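A short worksheet on the structure shown next.
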Amino acid sequence: MSILTRRRLLRRAALSATATAAATGAGLAGTAAASAALAGCDESRDDRPRDPRSQPAPGGALRFPPGFGWGAATSAYQIEGAAKEDGRGESVWDTFSRTPGRVRNGDTGDVAADHYHRYVEDLDLMRELGLGSYRFSISWPRVQADGTGAPNQRGLDFYRRLIDGLHERGIAPMATLFHWDLPQALQDRGGWESRDVAQRFADYADHVFRALGDRVPVWLTINEPKTVVQNGYLHGHHAPGHRDPQAAYLVAHHLQLAHGLAVRALRAAGGDGRIGPAFNLHPCYPADSSPGAAEATRLYDGYENRLYLDSALTGRYPEDVLADLGPDSRMVRGIRDGDLAVISTPVDLVAVQYYTPIYVTAEGGTVRRWPTSEAEWQQIHPDGMYDILTRVTRDYGPIPLTVTENGLPTPDTLADDGTVDDAGRIRFLHDHLAAAHRAMADGVPLESFHVWSLLDNFEWAEGYDQRWGLVYVDYPTQRRIPKRSAHWYRDVIAAGGL
Ligand code: IFM
């Protein structure tokens, strides 16, 4: 592995997230105090320079097309709780979060936002928001406790009830098959370092498609393979907590292979569901105008973006990344004839998750250009949304895109009057939606946008400290309280734009 790669691996900021807690059973319509707070807010927490006259207010000039999918997203381990119920098996995140020192405050997803028991209330919240699309994930260990064999009907039944509840409320389900909660039993057999796990994933996907395929119009295969690779296997901040670059890129290949096998499983199962990958993409910019920075940025982009996009959409791994890894790397040695054809099985759409840009120095390190959110890895740069969306369309053609995650953690607190004023989130979402709108005006076939996240939740290694939700969760009581941003987003949806 090259020096540049090594340095990059060492300096790469950790991508990890948050969640927190608290709130009320009152729906959006019922939270008059929160609505009243819409009138006057303190934006001082958002420290970016801005024109003080530019208050984001829905109903302005930026209209999205009729039928645009206004959505919000969650994932199973981050919200469901019910860790030991109805036959659910252990996942790598159960193991990891229960290991002392791995997660802030020793938090676990055992209870999380208790969505498993409160999903009806959460469905009603979604309806009150006016969501047209809800992106959630299916917990593999709920469906197959040990990751293999006959499916657990009680696990599938939960998702059937959730999906039926979405349809009853006019909300389109978008289901992710894997959002990091690998069954621990499969980890014990090598996890994603084992090629066999890709086949196990295809079998699991097949069970899910046969049970739920008639009711889910859009499937996503693997959430952010890059985060599993980087956080799970390079930096060790996420489950399974390894720090092994050689293993990391073999894992990347197996995750991509698993994606392709799942796409094929959906085609084999029949039906008219659409499917695609879910990539967190980072626009990479040179930190200065030197040729060295340009060159280093190109390779950085290869590891961040092209490794996943190129293999899934063109059937080739980027030559510069393969050369940097070297022919003796475990990944390169692990690629077999026919793998790239599987990985690049045609998909129906690509899900883009955008949070932050990356600025790369000639030495292959990174620098900050913009203020960060509470997540120190996240620089706030809405133009990056435009850049990454237009780049995917330019480089890979007019395949339909969906933004399946965009958001930030803000220091939300529940005020005495029962409101949560997250003005920074409103500004952030306004500016990123405006950038997405601009990309659409320039030809990007973007069909939907999902805020991360619907609810405050378990933000992985950050536990419940960071709050990413439109809806505040008061963890001691599990009350849901729509934040000011939830009211704002409801109005955006109702207006069809900004
Ligand atoms: O919370 C995570 C999510 O699980 C995957 N994408 C990034 C989010 C924020 O860190």
Side-chain angles (χ1 to χ4, degrees), residues 12-21 71-81 91-93 96-97 103-104 107-109 112-113 115 134-140 174-182 220-232 235 237-239 255 277-282 304-305 308 350-358 372-380 384-385 388 402-412 422 424-425 428-429 432 449-471 473 485:
R12 171 81 173 85
L15 177 68
S16 62
T18 285
T20 296
T74 62
S75 88
Y77 189 78
Q78 292 179 272
I79 64 166
E80 284 180 0
S91 80
V92 291
W93 269 95
F96 191 75
S97 63
V103 174
R104 195 179 292 277
D107 292 339
T108 72
H115 171 74
Y134 175 55
R135 179 198 175 217
F136 61 98
S137 81
I138 293 175
S139 160
W140 187 348
M174 181 183 282
T176 308
L177 289 164
F178 178 73
H179 199 122
W180 307 349
D181 44 358
L182 186 75
L220 303 175
T221 52
I222 292 180
N223 182 70
E224 297 184 2
K226 181 173 68 187
T227 306
V228 178
V229 170
Q230 295 189 353
N231 284 7
H235 309 295
H237 303 311
H238 280 190
L255 287 164
F279 296 142
N280 53 329
L281 301 177
H282 295 123
E304 293 291 330
N305 303 313
Y308 307 95
V350 174
V352 175
Q353 317 198 150
Y354 170 68
Y355 286 97
T356 189
I358 296 176
T372 62
S373 73
E374 284 198 318
E376 51 94 33
W377 52 267
Q378 182 181 31
Q379 299 180 59
I380 299 175
M385 173 71 87
I388 201 67
T402 168
V403 170
T404 40
E405 290 187 23
N406 179 241
L408 85 172
T410 51
D412 304 331
D422 57 341
R425 178 167 291 103
F428 179 98
L429 291 174
H432 285 76
F449 182 100
H450 301 78
V451 174
W452 184 270
S453 178
L454 175 68
L455 303 170
D456 289 337
N457 58 52
F458 176 82
E459 178 55 16
W460 307 113
E462 301 299 329
Y464 296 95
D465 268 10
Q466 292 176 4
R467 290 181 177 268
W468 290 74
L470 291 165
V471 175
V473 177
S485 61

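Note that ligands are numbered from 1 as they come in the structure, with each ligand's atoms numbered from 1 the same way. The structure presented is a predicted model; accordingly, all values stated were derived computationally and were not measured.
Polar contact with ligand 1: absent for N223 (N/O pair, distance under 3.5 Å). Close N/O approach between Q353 and ligand 1 is not found [any backbone or side-chain N/O within under 3.5 Å]. When only interatomic distances are considered, the shortest N/O to N/O separation between E224 and ligand 1 falls below 3.5 Å.
Aromatic ring orientation, W140 versus F178: perpendicular (interplanar angle above 60°, classes split at 30° and 60°). A parallel orientation is assigned to the rings of H237 and H235, their planes being inclined by less than 30° (bins at 30° and 60°).
Ligand 1 lies less than 4.0 angstrom from a heavy atom belonging to H179. Put simply, part of W377 is less than 4.0 Å from ligand 1, judged by heavy atoms.
Close approach to W460 involves these atoms of ligand 1, each under 4.0 Å from a residue heavy atom: 1 (O), 2 (C), 3 (C), 4 (O).
Taking a cutoff of 4.0 Å between a charged side-chain nitrogen and a carboxylate oxygen, D422 and R467 do not qualify as a salt bridge.
Between the side chain of Q378 and the backbone N or O of G407, at least one donor-acceptor pair lies under 3.5 Å. When atom types are taken as modelled, the side chain of H450 and the backbone of V403 share a donor-acceptor pair closer than 3.5 angstrom.
Heavy-atom proximity to atom 8 (C) of ligand 1, evaluated over W180, Y355, W468, is greatest for Y355.
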